Asker: 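Sending over a structure as structure tokens; questions will come in a sec.
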Amino acid sequence: MKEAPEIGFRVQVAVQTPAHSGIAEPLTYLAAAALPAGTLVRVPLGQREVLGVVWGEAAPEAAGVEGPVLRPVAAVLEGLPPLSEGWRDLVDFAARYYQRAVGEVALAGLPPQLRELGADQLARRLARKPRAAADAGPAGDTPRTPTPEQAAVLAELRAGGAGAFLLHGSTGSGKTEVYLQAVAERLAADPEAQALVMVPEINLTPQLEARFVARFGPLYGAGAVVAMHSGMTNPQRLGSWLAAHLGRARIVLGTRMAVFASLPKLALIVVDEEHDPSYKQQEGARYSARDLAVWRGRREGAQVLLGSATPSLESWWGSRPPADGDPGGRYRRLAMPSRVGAGDLPAVRLVDMNLQPPRTRLSAGLVDAIAQRVARGEQSMLLLNRRGYAPVLACGDCGWKSECPHCSAYRVFHKIDRSLRCHHCGFAERVPRACPACGNLDIAPVGRGTERLEEELAELLAGVQRPEADGGGPVRIARIDADSTRHEGELARQLAQVHEGAVDVLVGTQMIAKGHDFRRITLVAAVNPDGALFSSDFRAPERLFSLLMQSGGRAGRDSAWLAAQGSRAEMWIQTFHPQHPLFGALRRHDYPAFAAQQLEERRAASLPPFSFQALLRADARTQEAAQGFLTAASADVEDLPEAAAVQRYPAVPLTIQRVANVERAQMLVESESRVALQRLLAQWHPRLHALRRGPEGQGIIRWLVDVDPQLI
């Protein structure tokens, strides 16, 4: 009997389906030819035509076979090589581990503009000539002779081959130079090799990009270094992605989204400030870019270098050396404890605020220390991790407070534009002339933000003059936070003023605490750090220690200038709890001691890294509906084999339980076995979809699973 002729090929295509559709796997389409896995195509989905990625091998479609009618692939985006198997494996793993649909993760890893282009538009885009090497300009950053510590680290990286390394380097120890030279060695060894360098925040990308372009532009052309972050325009992101995917870009610099960059010849991944919680995505697919970088390096045989002065406790534990029958961690630990070209680490001075006069905001000793530095032409930096003028506006007569009508939070008073603004939902309105509840005209700000600190400093330092060598005149104070840098280019302008010496005192949030190389700052002060000491979040002390160590590291970064000034770097900390062990370790700059104490506490409480966690969260119209859904979800998995090995805690409201009139609740899920937790989550997912469609799902707006949550 003659076989039926083939009329095409079945292809599996990963597309972005609605989050609560329950469709997690690629969809099947009909193609005229056997398309290779990784090919970009446009396919119909409902009434729309969307971008998709061919997933898996094509299978012949025979005539006369009964089955559903398949929709055909609309177009193939020719001219682009297929996405590599390594990239597809990364997406597959991320989708499984973080409990998301394959298409959602795959499409999120592609530039937004690529999703909009048709085949003809993409062909015209690819026809554009890339920037020539001549655009690179003269060299502006030549390799420095490594210090003995840097040379030892580079030698270990050279001899270590593939695998993950944790570089524990003090602030100012020259980690960036190690990154530059490690990248240079990989690119020189292989003419096609590519490197991925990740930073936690957008505001750190331009200065790092400038150094990489200055170092590698003259060698490989300016187009060999590209950036990827959400602050870029869609055409810019598409250009960077294409350059990396086609192999034109040798180095990709980016934030967490860059972990999904298509790099066919990836040889090295650098994750700077690996401890930073910004590497954890907090919307959509809640992945950890740091953890995915380690997985990707292992899958693609690339070396992974994690760098930090204050590593995350998970990475510190993961890099422990073998001892007493313990085989040690998966990472190899490297150390650079000494600063390069900088003075000693700043001396830490604790100011006991219990001994200060009531309502003291800035101690007299701190104000005097700042004034002395201004008079000598030095700079100071004050850290207060709360923007706005005051956290709340209140009436002393009736007790009214500036609550947000849409959130269970207060609106923050911003004096500059006389507004009350909610930092959760964005609702803002003008400050009322009188108390809305009782009419009292005397409503006052309570608490303090960076705006108010800036104002108070100006009053306290009103009689201080800058040295004549710096132009004389009154003290110049600058504020850097999310409000003062909202306009494009404003952050770069303000940072340039600090570097030029046009600012005497810099006030800001954690935006100024890490990554910046301020050469003339000799004093750093943390104004009110106590809030994190007794937080319900077990990671709060770790984040506080890291923030204080990082901010203290901005002081005294130029030893020659310090010596010429006859000065010494200091860090002042105003606290009501000077005996807290965290401050004791900070005074000694002893991260290992702090980490050991924290790990011992976590081991006793069976907290990560000694257990594994996930959050099941529900958003609903009422708190009762949200918690009821979570309670029903917990009961629904009692019959699963893994249920006994996975602890499910009662549902509770979030700390800020209402945002934009949506009530939020969560349930913590925890196990000492990562495998048991993952198996339960995988089996739970379809049941949650079914529960959402049943009576228990009435009033539920959305639900999500957050694996390895950073905020609990």
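Note that these values count all heavy atoms, side chains included, but never hydrogens, waters or copies made by symmetry. Since we're looking at a predicted model, the values are computed, not measured.
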Asker: If you count every heavy atom of other residues, nucleotides or ligands that lies below 6.0 Å from Arg617 atom CZ, does the total exceed 12?
Answerer: yes
Asker: For residues 163-189, which residue pairs pass the ring-ring contact (aromatic ring centres under 6.0 Å, His included) check, not counting sequence neighbours?
Answerer: His168-Trp316, His168-Tyr591
Asker: Just by modelled atom types, is the Leu711 backbone N or O under 3.5 Å from a matching donor or acceptor in the Arg539 side chain?
Answerer: no
Asker: Looking at every non-hydrogen atom in both residues, tell me the closest pair between Pro541 and Leu582 and how far apart they are.
Answerer: O-CD1, 3.5 Å
Asker: Can a salt bridge be assigned to the pair Lys280 and Asp708 using a cut-off of 4.0 Å between side-chain N and carboxylate O?
Answerer: no
Asker: Got more than 12 heavy atoms from elsewhere within 6.0 Å of CD, Glu672?
Answerer: no
Asker: Can Arg602 and Glu542 be counted as an ion pair, charged N to O under 4.0 angstrom?
Answerer: yes
Asker: Flag the pair Arg687 and Asp639 as a salt bridge only when some basic side-chain nitrogen lies within less than 4.0 angstrom of an acidic carboxylate oxygen.
Answerer: yes
Asker: Backbone N or O of Phe260 within a donor-acceptor pair of the Trp87 side chain at under 3.5 Å?
Answerer: yes
Asker: Do the side chain of Asp272 and the main chain of Val199 share a donor and acceptor less than 3.5 angstrom apart?
Answerer: no
Asker: Minimum heavy-atom separation for Phe545 to Leu586, with atom names?
Answerer: CE1-N, 3.7 Å
Asker: For Leu253, is there any backbone N or O sitting under 3.5 Å from a side-chain donor or acceptor partner on His229?
Answerer: no
Asker: Tell me, please, which residues at least two apart from Phe612 pass side-chain contact (heavy atoms from CB on, under 4.5 Å).
Answerer: Arg674, Leu677
Asker: Is any side-chain heavy atom of Arg554 closer than 4.5 Å to one of Thr171?
Answerer: yes
Asker: Between the side chains of Ser173 and Glu149, does any donor sit under 3.5 Å from an acceptor?
Answerer: no
Asker: If only side-chain N and O atoms count, and only distance matters, is there a donor-acceptor pair under 3.5 Å linking Ser278 with Asp276?
Answerer: yes
Asker: If you apply the rule side chain to side chain contact (heavy atoms under 4.5 Å, CB included), what do you find for Leu533 with Phe583, and how did you get there?
Answerer: CA-CA 10 Å; Leu533 294 177; Phe583 295 129; 3.8 Å; yes
Asker: Among residues two or more places apart or on two chains, list those pairs meeting side-chain hydrogen bond (donor to acceptor under 3.5 Å, both in side chains) that have a residue in residues 253-266.
Answerer: His245-Ser262, Arg256-Gln281
Asker: Can you name the side-chain contact (heavy atoms from CB on, under 4.5 Å) partners of Ser240, sequence neighbours left out?
Answerer: Val226, Met228, Met232
Asker: Could you pull out the closest heavy-atom pair between Ile712 and Asp537, with the gap in Å?
Answerer: N-OD2, 4.0 Å
Asker: Of all heavy-atom pairs between Ala14 and Pro26, which one has the smallest distance, and what is that distance?
Answerer: N-CB, 3.9 Å
Asker: Would the distance check show the side chain of Arg349 and the main-chain N or O of Glu570 forming a donor-acceptor pair, the cut-off being under 3.5 Å?
Answerer: no
Asker: Salt-bridged, Glu185 to Arg158, with N to O below 4.0 Å?
Answerer: yes
Asker: So which heavy atom on Ser319 is nearest to which on Leu166, and how close?
Answerer: OG-CD2, 3.3 Å
Asker: Kindly indicate whether the side chain of Gln99, heavy atoms from C-beta on, has any atom under 4.5 Å from the side chain of Trp684.
Answerer: no
Asker: Within the structure provided, determine whether Leu157 and Leu268 are in side-chain contact (heavy-atom separation under 4.5 Å).
Answerer: no
Asker: Under 3.5 Å, is there a donor on one side chain and an acceptor on the other for Gln150 and Gln181?
Answerer: no
Asker: Consider side-chain contact (heavy atoms from CB on, under 4.5 Å). Of Gln613, Arg286, Gln678, which one does Val707 pass it with?
Answerer: Gln678
Asker: Got more than 12 heavy atoms from elsewhere within 6.0 Å of CZ, Arg320?
Answerer: yes
Asker: I'd like to know if Arg215 pairs up with Glu177 as an ion pair, taking the criterion as any Lys NZ or Arg NE/NH1/NH2 lying under 4.0 Å from an Asp or Glu carboxylate oxygen.
Answerer: yes
Asker: Does Arg250 make a cation-pi contact with Tyr220 (under 6.0 Å, within 45 degrees of the axis)?
Answerer: yes
Asker: In terms of side-chain geometry, is the basic nitrogen of Glu273 or Lys175 positioned less than 4.0 Å from the acidic oxygen of its partner?
Answerer: no
Asker: I'd like to check the side chain to side chain donor-acceptor pair (under 3.5 Å) partners of Thr575; sequence neighbours left out, ordered by chain and number.
Answerer: Asp530
Asker: Are the side chain of Arg298 and the backbone of Val294 linked by a donor-acceptor contact shorter than 3.5 Å?
Answerer: no
Asker: Quick one, Phe610 and Leu599 - any side-chain contact, counting heavy atoms below 4.5 Å?
Answerer: yes
Asker: So, the side chain of Glu274 versus the backbone of Ser312: is there a donor-acceptor pair under 3.5 Å, distance only?
Answerer: yes
Asker: Looking only at side chains, do Arg186 and Gln303 share a donor and an acceptor under 3.5 Å apart?
Answerer: yes
Asker: With sequence neighbours excluded, what pairs up with Pro653 under the side-chain contact (heavy atoms from CB on, under 4.5 Å) test?
Answerer: Gln623, Gln627, Gln657
